[in-house]
Amino acid sequence: MEYRLPTTVVPTRYDIRLEPDLDAATFTGEETISVTVTEPVTEVILNAVELLIQSVAVEGADGVAQHGSVALEAEAERARLLFPAPIPPGEWRLRLAFTGVLNDRLHGFYRSTYKDAAGLSHTIAATQFESTDARRGFPCWDEPAFKAVFGITLVVPEGLAAVSNAAVAAEAPAGPGKKAVSFADTIRMSTYLVAFVVGELEATDPVMVGETPLRIWCVPGKKQLAPFAVAAGAFSLEFFERYYDLPYPGDKLDLLAIPDFAAGAMENLGAITFRESALLVDETAASHAELERVADVVAHEVAHMWFGDLVTMVWWNGIWLNEAFATFMELLAVDAWKPEWKRWVTFGVSRAAAMGVDGLQNTRPIEFEVRAPRDCEAMFDLLTYEKGASVLRMLEQHLGPDVFRAGVRLYLDRHRFANAETTDLWKALGDAARQPIPEIMDGWIFHPGYPLVTVEPDGPALRLSQRRFTYLEGGPEGQWRIPILLRASVKRGIVEKHLLLEDRELAVPLPAAADWVVVNAGGHGFYRVRYAAPLLKKLLGALARMMPIDRFNLVSDCFALTQSGAMSAPEYLELTARFTAETDRPVWTVLIGSFAYVDRVIGSELRPGLAALVRHRVAPAVERLGWEPQPGESELERQLRGDLLRVLGTLGDDPATKERARELYARHRKDELVVEPNLLPALIAIVAWTGGEEEYAWFLDRFKTARTPQEEQRYLYALAGFRQPDLLSRTLERTINGEVRSQDAPFLVRALLTGVYSRGLAWEFVKQHWETMARQYPGSAYRRMWEGITALVSAEWEGDVRAFFGSRPIVLGGKALEQYLEQLRVAVSFQDREGQGLATYLGRIRR
Ligand SMILES: [Zn+2]
């Protein structure tokens, strides 16, 4: 099917007037599109879907109009405007009148609802147009390369706020009880960045950041949750103006919290929309992870105002240019704002998650061909964001941050108000660096997968060699140009060496008598490392002297090698005993993640053994940290305390921890000030794990009456953490009965599919209700829900899963489903291969 639009007619300007009816959930619209016709045409093809186009006319400079008719191509989401006489080349205006529906699917022009303190329901109309849903709001050339200026007018009831991309230019009465709000012209930009929000919203007082007023918008009564995002937004805006050396491209910056929102946030120029939990937060009650999330998302979206909005990819195959860059810039900005958060170190967890997907046979290159709208959506994944950001960081470190920044500035300056491709970025970076970039980068961007670098002693030297890393045997090989930073401990101290591994192998002379050697020092490289046994042994003896990110990579790589069969599970679990003195949170994240993985693979008879192992590994760290926050400790240490206690009280099944957590939570129920914010999520998880009917009812009530979006999320997901089947069944019921917002329900289902005690029930439930879920949930979240099947680790379940998908028309777009099925295959193979070894090893652990 043909999805792309012809270029014989090109829009330059849209004047749009929209009137939403929030009660009827409909809207009417009129638009005048200024177009340039390059060759005579009798039909004009543009995008429209779920719109009723009532009239269409084309007129020239003389004002004489020719009326046309409309043929809709529903499947291709296009409209053909047919005219009796040919339209000659030149400048023309198309006039269209149309109506549409404010849908409840959280895309296009949609409605979001919330209840006020008195329990009254209110409706907001909002937009989510990326990737290809502007065509649900107004007929348009809905491809990123058709940039145009937008002049928008919203006709709304007098008491409501109306927000769009640009500042309000005029307000005029528009019939009884209504006003017409006209906004200033936007810059030349793509349709997917257009936004309208209408509703009973209130704004914070504007904060001036240079020339730009910055505000937060939210439903009434939540403004007190805005200050943290204001600070993050103001810092980011200033940071990026300096980094990019270009002024902010809009005339104001509004950040809007929308109660129903499918993604995390959306970078509409000047009117960034967020789900509430990614913007509104109580700084005194939130955990470090919750604050970090808000800072990350705000910085990410503000970075897009230049990277994405001012300069945009030509087509969706280049979406990584937008997202990888915004993710990279987000980390740079947050790291500058809160250096004590060590954001580049904690990013290791995200990098490893991307490697988890990219180690599959069913991975894809970062830049990948895209045709259908569904495949655009599937591009918003770990490979685009996290792998993309990782390889940019690798390049930045290779070229040097100043040279890299100079190249970025050159790129933005050359292509502002226009579109660009990956080759344009390489050209600009290459010009700044005076060296060719494609040679290094093409392997990382246009080829799937990543290398495993094997390190072996070779006399007095080291031998490095590369091959592709995959979890399952087979599949095509690959070869990369790998920037390597090698760090070695020698007699006179630490020495570092920059290398480029271009061929299969490289011999590296080492200074005499190196004690230990780290390859991929600093962790910027997107590859895994396998050390020969004697080298690994030396590293394990020197953990305390290594950098945290290097310890992180060591464990992460060893566990990946275990999943791929290159290391045995008992050998890996034995290795984790070396980390009882560990103090770094990301290292613990990967350790805890690997214990949870083993938990999904083993039978219930081995669980006490695994619990004992977890206690042995975790308890010393908990003893060191204590339950009480210590004066002078960092936010990361507080977060770590929460993480460790949580795992000790659940997976570790530690009686003393469970008892104390329940006591503390009981005190918290009476007095909210008792518990440190980073500890509370751990207590909630342990209370769910050990709790029953009474706790469930209390959590449900707390979910429904939560004071902050973060509190709402904690109690919602805790409903998936109980262990009694009847309680879990009730949680499952709530995923489709309307009690849980459709923006959250798919993720709750995913959590239930992943939990060891809930997954069997959840799988039966999903098999029965997947059609209801497909109907109710936003597409992107519905796709991610299915990731839960990767936890159904048994040959029997795997067979059932494959049979299920084999006989149903479930299409997730891109390679999502193939990836989930392969991850399940990896886990079941692990179970086959390691089952006996794990039984012996865990069976021997003294309880
Ligand atoms: Zn983004």
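Basis for what follows: all heavy atoms, side chains included, without hydrogens, waters or symmetry-related copies. First listed ligand is number 1; within each ligand, the first listed atom is number 1. Computed from a predicted structure; not experimentally measured.
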E301 near the Zn ion (ligand 1) via N/O/S, less than 2.8 Å: no
Check whether the side chains of S742 and D260 place a donor and an acceptor atom closer than 3.5 Å, and report yes or no. no
Could you tell me if R364 and T384 have a donor-acceptor pair between their side chains, going purely by distance under 3.5 Å? yes
Taking NZ, NE, NH1 and NH2 as the nitrogens, is one of them in E396 or R393 under 4.0 Å from a carboxylate oxygen of the other? yes
Looking at D402 and R405, is any side-chain nitrogen of the basic one under 4.0 Å from a carboxylate oxygen of the acidic one? yes
Specify which N/O/S atom of E323 comes nearest to the Zn ion (ligand 1), by atom name. OE1
Looking at H304, pick out the N, O or S atom nearest to the Zn ion (ligand 1) and give its name. NE2
